[in-house]
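We number each residue from 1, following the sequence as shown.
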Amino acid sequence: MACNGAKKPLLSGLVDSTSQRIDECTPHRRRFRRVKSAPVTELVPSDISGNGPIPHYESFFGGRHQSLKQVAVFLAVYLGLGTLCFYVVRDDIKGKKSNPILDSIYFCIVTMTTVGYGDLVPDSAPVKLLACVFVFTGMLLIGLILSKAADYLVEKQEILLIKALRMHQKLDPAAFHKEIETNKVKYKCYLAIIILSVLMLVGTIFLYMVEDLDIIDAFYCVCSTVTTLGYGDKSFSTVYGRMFAVCWILTGTVALGQLFLYIAELFTESRQRALVNWVLTRRMTNLDLEAADIDDDGVVGAAEFVVYKLKEMGKISEEDIALVMKEFEDLDVDQSGTLSASDIMAQAALTHK
């Protein structure tokens, strides 16, 4: 902005201070940098309300690990309670039976995943109602597993996959991390396809060798299971088969569901990238400049330009901007148009009163 007292652009604190003093009254392009440090520790009041700085990158995985523990606990409780309930009412479940406890776990799994072969079915009104309860809670739990556990397991293997694909290329750490971020969803799709293919192959071989199905029927049973189609003409009927099915059905159905989620995410990301490219390559007009001028001072600063472009890309909305500006105004206690450590301390003092 001009040096005649006009308003400074939004986020002007991002501008390099040395460069700003030199170029303050010149039309040269300003240089931006990342914020490298926060205010000195002793100037920042201790926050006991949980509104402290954003956690570091490592804490993201800590949080993810904690959510995995919760999902594991929910799954254990579901299977334990389901097994107990179906064991108690085992006489009211008809079909091909093997071991009572194993049949109870197996029935719980095929109910949870909505596979429902039909080899074991409820045979009384109370058990039918019980199955209705467990199928809905099981579907909810499958949703939690898809959003937490499966995604985490795929991400744990993502770096190994990228290293394997790029083993003949020497990538420095920065290029390696850029590769991960740029093609993250694509590599997740690759991994999900590999995991699902391995599970289907293992399931087909197992059914062929243990359940004595021919290879076509074995593959047919695998496909009807992972898609939760479950016609029921082919299923796991032996003791060893149901022991295998308890783990395999759950992992197979979750793997397919996760693959579909990643494919949808990949298409969404592709459309988003196309929109970003269009926004960055199209020519600016006077109407665009007028729309980008947030503070209505007749000129557009770099920060205003960035906000406008992000809005066009669909990454932020008017509501997002209004909320952020409201927070800025609340933090700007001295109404100077900028934030400093004294503003933060004053706001903290007002909050703790």
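Closest approach of Leu207 and Ala218 over heavy atoms only: CD1-O, 3.5 Å. Nearest approach of Gly241 to Val210, heavy atoms of both residues: N-CG1, 4.5 Å. When all heavy atoms are compared, the tightest approach of Thr83 to Cys108 is N-SG, 4.3 Å. Nearest approach of Leu196 to Gly252, heavy atoms of both residues: CD1-O, 3.9 Å. The two atoms that bring Gly203 and Val222 nearest to each other are C-CG2, 3.6 Å, heavy atoms only. Minimum interatomic distance between Met200 and Cys223 (heavy atoms only, all atoms of both residues): CE-SG, 3.7 Å.
In this structure, Met139 places its CE atom where only 12 or fewer heavy-atom neighbours from other residues, nucleotides or ligands lie under 6.0 Å away. Annotation: Asp214, atom CG; neighbour count of heavy atoms from other residues, nucleotides and ligands within 6.0 Å is above 12. Atom CE of Met243 has 12 or fewer neighbouring heavy atoms from other residues, nucleotides or ligands inside a 6.0 Å radius. Other residues, nucleotides and ligands contribute over 12 non-hydrogen atoms within 6.0 Å of the CD atom of Gln335.
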*Give the intermediate values and the outcome of side-chain contact (heavy atoms from CB on, under 4.5 Å) for residues Ile109 and Leu79.*
CA-CA 8 Å; Ile109 289 291; Leu79 292 178; 3.5 Å; yes
*Begin with the C-alpha distance, continue with both residues' side-chain angles, and end with the deciding distance and a verdict on side-chain contact (heavy atoms from CB on, under 4.5 Å) for Asp103 and Leu120.*
CA-CA 8 Å; Asp103 288 345; Leu120 291 175; 4.2 Å; yes
_Go through it in stages, so that I can follow the logic: the residues are Leu261 and Glu265, the test is side-chain contact (heavy atoms from CB on, under 4.5 Å), and I'd like the CA-CA distance, side-chain angles, deciding distance and then a yes or no._
CA-CA 6 Å; Leu261 287 178; Glu265 187 178 352; over 6 Å; no
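Val246 and Leu250 end up in the same hydrophobic cluster when Ile, Leu, Val, Met, Phe, Trp and Tyr side chains are linked at under 4.5 Å. Hydrophobic cluster membership is shared by Val110 and Val239, with clusters built from Ile, Leu, Val, Met, Phe, Trp and Tyr side chains linked at under 4.5 angstrom. Residues Ile101 and Val77 are members of separate hydrophobic clusters, defined by side-chain heavy-atom contacts under 4.5 angstrom among Ile, Leu, Val, Met, Phe, Trp and Tyr. Follow the hydrophobic side-chain contacts under 4.5 Å out from Phe107 and you never reach Val135; the two are in separate clusters. Leu129 and Tyr87 fall into different hydrophobic clusters, defined by Ile, Leu, Val, Met, Phe, Trp and Tyr side-chain heavy atoms under 4.5 Å apart, directly or through other members.
Counting heavy atoms from C-beta on, the side chains of Ser235 and Glu211 never come closer than 4.5 Å. The shortest side-chain heavy-atom distance between Asp119 and Arg242 falls under the 4.5 Å cut-off. In this structure, the side chains of Val89 and Pro126 stay at 4.5 Å or more apart for every pair of heavy atoms. Looking at heavy atoms from C-beta onward, Lys234 lies in side-chain contact with Leu213 at the 4.5 angstrom threshold. Taking 4.5 Å as the limit, every side-chain heavy atom of Leu199 sits out of range of all side-chain heavy atoms of Val226. For the pair Phe244 and Val202, the minimum side-chain heavy-atom distance is below 4.5 Å. Inter-residue side-chain proximity for Cys85 and Phe134 is flagged as met; some heavy-atom pair is nearer than 4.5 Å. Tyr308 has its side chain out of reach of Glu304: every pair of non-hydrogen atoms, C-beta onward, lies at least 4.5 Å apart.
Under 4.0 Å is where a charged nitrogen must lie from a carboxylate oxygen, and between Glu312 and Lys309 at least one such pair does.
In this structure a side-chain-to-backbone donor-acceptor pair under 3.5 Å is missing from Asp217 to Cys221. A donor-acceptor pair is defined here as one N or O able to donate and one able to accept, closer than 3.5 Å; no such pair exists between the side chain of Asp293 and the backbone of Glu290.
To the nearest 0.5 Å, the span separating CD1 on Ile344 from CG on Leu331 amounts to 5.0 Å. Here the CZ-CG distance, from Arg271 to Leu275, works out to 11.0 Å after rounding to the nearest 0.5 Å. Atom CG of residue Leu140 and atom CE of residue Met112 lie 9.5 Å apart, to the nearest 0.5 angstrom. For the atom pair CG (Leu323) and CD (Glu318), the distance works out to 11.0 Å, reported to the nearest 0.5 Å. Rounding to the nearest 0.5 angstrom, the gap separating the CG atom in Leu229 from the OG1 atom in Thr114 is 10.0 Å. With values rounded to the nearest 0.5 angstrom, Tyr220 atom OH is found 3.5 Å from Asp233 atom CG.
When each of Ile316, Val300, Asp320 is paired with Val307, the side-chain contact (heavy atoms from CB on, under 4.5 Å) condition holds for Ile316 and for no other.
Ring centroid separation for the pair Tyr208 and Phe219 does not come in under the 6.0 Å cut-off.
Under 3.5 Å, the side chains of Tyr262 and Gln258 contain a donor-acceptor pair of N or O atoms. A donor-acceptor pair shorter than 3.5 Å can be found between the side chains of Tyr117 and Thr225.
Ring orientation note: the planes of Phe206 and Phe236 are tilted relative to one another, at an angle of 30° to 60°.
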